[in-house]
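Below, read A as the first sequence line, B as the second, and so on, with proteins coming before strands; counting in each chain starts at 1.
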Number of protein chains: 2
Amino acid sequence: MTPRPGARQRLLDAAEELFASGGFAGTPVDAVLARAGVAPATLYAHFGSKTGLQAAALAARLRRWDDVWSAAVAAAPDDRARLLAVFDALDAFGTGGTPSRWCAFLDAAAGAPADDGTAVAALAEDTALLRGRLRELAAPVAGEDAAELAEHLLVVVTGALAMALRTDPARATAQGRATAAALVDRWR
Amino acid sequence: MTPRPGARQRLLDAAEELFASGGFAGTPVDAVLARAGVAPATLYAHFGSKTGLQAAALAARLRRWDDVWSAAVAAAPDDRARLLAVFDALDAFGTGGTPSRWCAFLDAAAGAPADDGTAVAALAEDTALLRGRLRELAAPVAGEDAAELAEHLLVVVTGALAMALRTDPARATAQGRATAAALVDRWR
DNA sequence: GTCTATATTGGGATAGAC
DNA sequence: GTCTATCCCAATATAGAC
């Protein structure tokens, strides 16, 4: 059997799970420590601060999201489905670990003080990933208008993420998929 | 000249402005007190807690949003413009007082602990207002499909609000308007 | 109703030993 | 690197007088 992961990895796992479910601001450091089974000083030796831990956890989460989305795209049968696969990925990503209240990257930027650059940077990376891949996937569907369609879909994906605050996440992604489909079908 | 408003009103004004610009969690009570020129005990005598003040401030904000949106609808020349006027209202609402980082209602729900019902209730009222009026305004454009179109637009409006975290608010509403227009024009 | 002054505690971070 | 124990402060809330 695999050995118990080191303290650093356990901290990252605990942070990603708890920050996603309870929100960053709403999750005390103690809760992360308790779940990871680690002493306070260990956290600060590795990450320097709660914010530093958040940055590392978000970086790991972005890689995981990238993988989940890629897999969803690979599983889709045609160009249209590949473009809409982002919503399948959102469903899979949410139900995979602990279901999150809403997007951890938007949560980070919304909760951070105005001068905190780390949260903004993490959200910017997430945005760049979304925008870039949506453009690639939109190309076979919309041709020259790929960038325009991608911007539309970025709004809808972001809307679906935030709609998780207004209603339950499953409904939010389902509605987002429907809205995105309505937009995509303008280009058929 | 108008007399200086009472402490209660000054607290509400200060709270709405500071919570909108700095976020609820990121705004200490002291900052609200300082801006209102009021002593701590006065705040707690009127509102009971910081959360109580937030609830009252959000209620006032919802009324103001309702008015701004109504005015934008009244100023629009035709059915299509009336349906898209929500984005004009968002621009006017944001630039009116202190520009807010993003939607105060979504912020409240995102930042509140899971058991806090007041923030969720305030967001629910905001959602009901959006959904209801979008349906009314969609009727002349989409007829029987008004409810369906309204749900699409609710996602887009929510997306525009959250996009203010990814980019600056002016770009967010502009993109939202464009995306909404693309959807509305499916029903032309 | 409003003030001054103070109580209380949750929670992020550190000191120093092992 | 990791632990135990502790510090420190920010921030919410209250006591009691006017």
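Side-chain N/O atoms of B/Thr42 include one lying less than 4.0 angstrom from OP1 or OP2 on C/dC3. An OP1 or OP2 oxygen of D/dA13 is reached within less than 4.0 angstrom by a side-chain nitrogen or oxygen of B/Tyr44.
A salt bridge does not link B/Arg186 with A/Asp185: every distance from a Lys NZ or Arg NE/NH1/NH2 to an Asp or Glu carboxylate oxygen is 4.0 Å or more. Taking 4.0 Å as the cut-off between side-chain N and carboxylate O, A/Arg64 and A/Asp67 do not count as a salt-bridged pair.
Distance from the side chain of A/Pro28 is smallest for C/dG11 among the nucleotides D/dT12, C/dG11, C/dT4. Proximity note for A/His46 (side chain, C-beta onward) versus D/dG1, C/dG11, D/dT4: the nearest is D/dG1. Counting only heavy atoms from C-beta on, B/Ala39 has its side chain closest to C/dC3 among C/dT2, C/dC3, D/dT4. Among the nucleotides C/dC3, C/dT2, C/dT14, the one closest to any side-chain atom of B/Ala41 is C/dC3.
Residue B/Gly37 is in sugar-phosphate contact alone, with no base atom involved, counting any heavy-atom pair closer than 4.0 Å across all strands shown.
When the nearest nucleotides of DNA chain C are assigned to B/Gly6 and A/Ala25 by heavy-atom distance, the more 5′-ward of the two goes with B/Gly6. Between B/Gly26 and B/Pro40, the residue anchored nearer the 5' end of DNA chain D, judged by the nucleotide with its closest heavy atom, is B/Gly26.
One atom, NZ of A/Lys50, and another, P of C/dA13, lie 8 Å apart when rounded to the nearest Å. Distance, B/Gln9 CD to C/dG1 C1': 16 Å, rounded to whole Å. When rounded to the nearest whole Å, the span between CZ of B/Phe47 and C1' of C/dT2 equals 14 Å. Counting to the nearest Å, the P atom of D/dA11 and the CG atom of B/Leu53 are 16 Å from each other. Atom CG in A/Leu43 sits about 15 Å away from atom P in C/dG11, given to the nearest Å. In this entry the distance linking CG of A/Leu11 with P of D/dG1 reads 13 Å, nearest Å. For the pair A/Leu33 CG and C/dG11 P, the interatomic distance rounds to 13 Å; values are reported in whole Å. As a whole-Å value, the separation of A/Arg8 CZ from D/dG1 C1' is 12 Å.
No more than 12 heavy atoms of other residues, nucleotides or ligands shown are found within 6.0 angstrom of CZ on B/Arg171.
A/Ser70 and A/Arg133 are linked by a side-chain donor-acceptor pair at a separation below 3.5 angstrom, with hydrogens and angles left out of the test. A donor-acceptor pair shorter than 3.5 Å can be found between the side chains of A/Arg166 and B/Thr158.
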